[in-house]
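To start, the structure itself, in structure tokens.
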Amino acid sequence: MITPDILAKTGSEHGIQAGLFAWAAVARYHGFEVANLWASTGDAKVFLTSKKIGVPALEWLHAIPNGGARGDDAKSRAIRGATMKAEGVRDGVADIFLPVPKYPYHGLYIEMKTPTGQIRPSQKAFRTFALAQGYAFSFERSWRDAADLIQWYLTNDGSSWQFKDK
């Protein structure tokens, strides 16, 4: 069975993000407890005992296409990049957004990075903007850390969380 750890094993930002969305899909339909158990064991039997009490807000967790190489050669990458820019893609915007307000935030942005990935100035500028507008924002370097953040955010009682900026 493909688990978030298997998806993230490549070490790429794509793999880490795919692992997070696999976990989120299970949590959406079965809840955090089942998603966490499945992710840690890989045992599909956890679904048999699930009461299917999920987390409906995760339906709207989404990725934001905002960069990266797309295409087989320089010409196709340039065409795709120009098309995306014309469609409104912006450099620096976070990779993931959860449009659910939870006091004191209006929603949650997550920028995924590999363990050694560098944070660009445009990403820092977007973080500053998002925080000033009342959104939560964090840089995460693993699917598990991002999943823990999302779970905390959605079950938050207004207590403080240490969002990552590195």
Side-chain angles (χ1 to χ4, degrees), residues 1-70 84 89 92-120 123-124 126-127 130-131 134-166:
M1 171 167 277
I2 296 178
T3 64
D5 284 333
I6 291 171
L7 290 167
K9 192 174 186 176
T10 64
S12 69
E13 191 174 304
H14 168 77
I16 294 167
Q17 192 165 317
L20 173 65
F21 276 89
W23 169 87
V26 172
R28 177 180 173 214
Y29 291 105
H30 298 280
F32 292 128
E33 186 177 329
V34 171
N36 291 333
L37 184 59
W38 164 73
S40 65
T41 66
D43 187 357
K45 291 178 185 171
V46 300
F47 301 121
L48 298 176
T49 59
S50 169
K51 295 179 182 172
K52 296 187 177 141
I53 300 173
V55 183
L58 289 175
E59 177 179 358
W60 302 112
L61 178 72
H62 62 274
I64 301 169
N66 55 11
R70 291 177 176 86
M84 291 178 72
V89 169
V93 175
D95 295 315
I96 299 168
F97 184 57
L98 181 61
V100 177
K102 293 295 279 185
Y103 179 82
Y105 305 106
H106 301 308
L108 172 64
Y109 281 103
I110 301 172
E111 173 63 36
M112 298 301 299
K113 288 291 176 191
T114 65
T116 59
Q118 299 297 311
I119 298 167
R120 297 188 319 273
Q123 293 169 327
K124 290 179 182 179
F126 182 77
R127 176 186 180 269
L131 290 171
Y135 292 93
F137 187 107
S138 191
F139 292 103
E140 298 299 339
R141 296 184 179 275
S142 74
W143 78 264
R144 171 46 63 197
D145 287 347
D148 289 346
L149 172 65
I150 290 167
Q151 186 170 343
W152 168 84
Y153 182 82
L154 289 174
T155 59
N156 152 38
D157 62 1
S159 62
S160 180
W161 175 270
Q162 184 62 45
F163 294 101
K164 296 175 189 159
D165 61 1
K166 296 181 183 179

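Residues: numbered from 1 along the sequence shown.
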Exercise answer: donor-acceptor pairs, residues 46-59 side-chain atoms, under 3.5 Å, sequence neighbours excluded:
unit_1	atom_1	unit_2	atom_2	d
T49	OG1	V46	O	3.2
S50	OG	H30	ND1	2.7
S50	OG	K52	N	2.9
E59	OE1	R28	NH2	3.4

Any side-chain heavy-atom pair of I96 and I64 under 4.5 Å | no
Measure across F32 and A27 and return the closest heavy-atom pair with its distance rounded to 0.1 Å.
-> CD2-CB, 3.9 Å
Between I150 and L61, does a side-chain contact (heavy atoms from CB on, under 4.5 Å) hold up when you go through it step by step?
-> CA-CA 10 Å; I150 290 167; L61 178 72; 4.1 Å; yes
Please list, chain by chain and in numerical order, all residues satisfying side-chain contact (heavy atoms from CB on, under 4.5 Å) with Y135, sequence neighbours excluded.
-> F97, H106, Y109, A130, Q133
Do the non-hydrogen side-chain atoms of F21 and W143 ever get within less than 4.5 Å of each other?
-> no
For K113, the side-chain hydrogen bond (donor to acceptor under 3.5 Å, both in side chains) test, sequence neighbours excluded, returns Q123
Close side-chain approach of I16 and P115, heavy atoms under 4.5 Å | yes
Working to the nearest 0.5 Å, report the span between CG of L108 and NZ of K102.
-> 12.0 Å
Could you give me the CA-CA distance, side-chain angles and deciding distance for D95 and I110, then say whether side-chain contact (heavy atoms from CB on, under 4.5 Å) is met?
-> CA-CA 6 Å; D95 295 315; I110 301 172; over 6 Å; no
Could you give me the CA-CA distance, side-chain angles and deciding distance for I2 and L7, then say whether side-chain contact (heavy atoms from CB on, under 4.5 Å) is met?
-> CA-CA 7 Å; I2 296 178; L7 290 167; 3.6 Å; yes
Please name all residues satisfying ring-ring contact (aromatic ring centres under 6.0 Å, His included) with H14, sequence neighbours left out, ordered by chain then number.
-> none
Donor-acceptor contact below 3.5 Å, side chain Y153 vs main chain A136 | no
Qualifying side-chain hydrogen bond (donor to acceptor under 3.5 Å, both in side chains) pairs with a residue from residues 31-46, counting only residues at least two apart or across chains = W23-N36, N36-R144, N36-Q151
S142 versus M112, closest heavy-atom pair with distance = O-CE, 3.7 Å
Heavy-atom pair of closest approach, residues A147 and L20 = N-CD1, 3.6 Å
What are the two closest non-hydrogen atoms of T3 and G42, and how far apart are they?
-> CG2-CA, 3.6 Å
Steps toward side-chain contact (heavy atoms from CB on, under 4.5 Å) verdict (L98, L154) | CA-CA 10 Å; L98 181 61; L154 289 174; 3.8 Å; yes
Residue set satisfying side-chain hydrogen bond (donor to acceptor under 3.5 Å, both in side chains) with T10, at least two apart, ordered chain then number -> S12
Evaluate the side-chain proximity of E111 to R120: yes if any heavy-atom separation is below 4.5 Å, no if none is.
-> no
